[in-house]
Amino acid sequence: MPELADIEGMRRTLSTQLPGRLITEIEVLDAAILRNCDSVHFVRATIGLRFSEPARRGKWLLLPTDGPSLLVHCGMTGRAYAVDTPPVARPDDRLVIQLDKGQLRYADRRKLRGIWLATDADAVDDIIGPLGPDALGMTYRELTNVMQYSSRRLKVLLMDQRVIAGLGNTMTDEILWQARLNPERQASSLTVAERRRLLQTMQRSLRTAVQQGHIPRASDWLTGVRDEPDPGCPRCTTPLIHGRSHGRRTIWCPHCQG
DNA sequence: GAGGTTGTTTAGAA
DNA sequence: CTTCTAAACAACCT
């Protein structure tokens, strides 16, 4: 589920539901997702708070209130969403925040990350840690700054949240495929034209994904075929290469991305 | 049982 | 110093 576009989709939806809502009750179904406090402290600290406008930083979802903020990181399988009426219980339900109208829920199968409570802006920064500029709306100057002297490989650099915030494994493969750039290239080896192409492709594909509220799985995108057993390139049908960058699955077309 | 997965952090090697 | 690798976290799928 969660990369920039997915998180942005959650934020956009929650921004129509959450502002002004009052927390009346907390149901901690699995305390393991509370990362910097225990259930008792979390309940005591949050009941009576009123939500304001949700925000996003990279893959972090920020849920501010008139008091402390809830910081949500969905890991690989998390999802934060609001409902009017309680849905049928599911095994991956972790937290239910009862509101004066409806519920805010957090579901997460694997629990790789979770929810932090931040008392003020400094605590927010401490918990989130250093983040590069957000991939959505990144400028050419920012991209050049992080790339021109880096000897790291392209894909690994793009996925480093301290360098660029928001890109995950799936979108990074997609952007590099659309821009016809090999993920193993050294970042500093890109020409000005290639960097401009990378930036334009990144912004165009991210905007499309954000509009849909999730990463598209279109047949003319790499995302549409990457989970097939024997995928061919959607552009030229050449069998795609499966590799590994920084321990992560990496897929590219040996013809288009040489 | 083995091996894989949309994320991040850590230890240790090169 | 920088960069890379493997493993860990956890839970489910094939």
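To find a chain, count down the sequence lines: A is the first, B the second, and so on, and within it residues start at 1.
DNA chain B contains the following stems of three or more consecutive Watson-Crick or G-U pairs, with both distances under 3.5 Å: B:2-5 with C:11-14, B:7-14 with C:2-9.
Other cluster members for A:Ile241: A:Trp252, joined by side-chain heavy-atom distances under 4.5 Å among Ile, Leu, Val, Met, Phe, Trp and Tyr.
Comparing C:dT3, B:dT5, B:dT8 by their nearest atom to the side chain of A:Met76 picks out B:dT5.
When all heavy atoms are compared, the tightest approach of A:Arg226 to A:Ile251 is O-CD1, 3.6 Å.
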Mark up nucleotides 4-14 of chain C, 5' to 3', with B wherever a protein heavy atom is under 4.0 angstrom from a base atom, S wherever such an atom reaches only the sugar-phosphate, and - elsewhere. SB---BBBS--
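Interface residues of residues 160-186 of chain A facing DNA chain B, ordered by number: A:Gln161, A:Gly168, A:Asn169, A:Thr170; criterion, heavy-atom separation under 4.0 Å.
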Is there any protein nitrogen or oxygen under 3.5 Å from a nitrogen or oxygen in nucleotides 11-14 of chain B, and what are the pairs?
none

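A distance-only check finds no donor-acceptor pair linking the side chain of A:Asp100 to the backbone of A:Thr24 [under 3.5 Å].
Remark: A:Arg248 pairs with no residue by the salt bridge (charged side-chain N to carboxylate O under 4.0 Å, His left out) rule, at least two apart or across chains.
At the phosphate of B:dG7, neither OP1 nor OP2 sits under 4.0 Å from any side-chain N or O atom of A:His73.
Between A:Lys155 and A:Asn169, the side chains place a donor N or O and an acceptor N or O closer than 3.5 Å (distance only, hydrogens not considered).
With DNA chain B read from its 5' end, the first of the two nearest nucleotides for A:Ile128 and A:Arg226 is the one closest to A:Arg226.
At a threshold of 4.5 Å between non-hydrogen side-chain atoms, the residues A:Leu117 and A:Leu34 do not count as touching.
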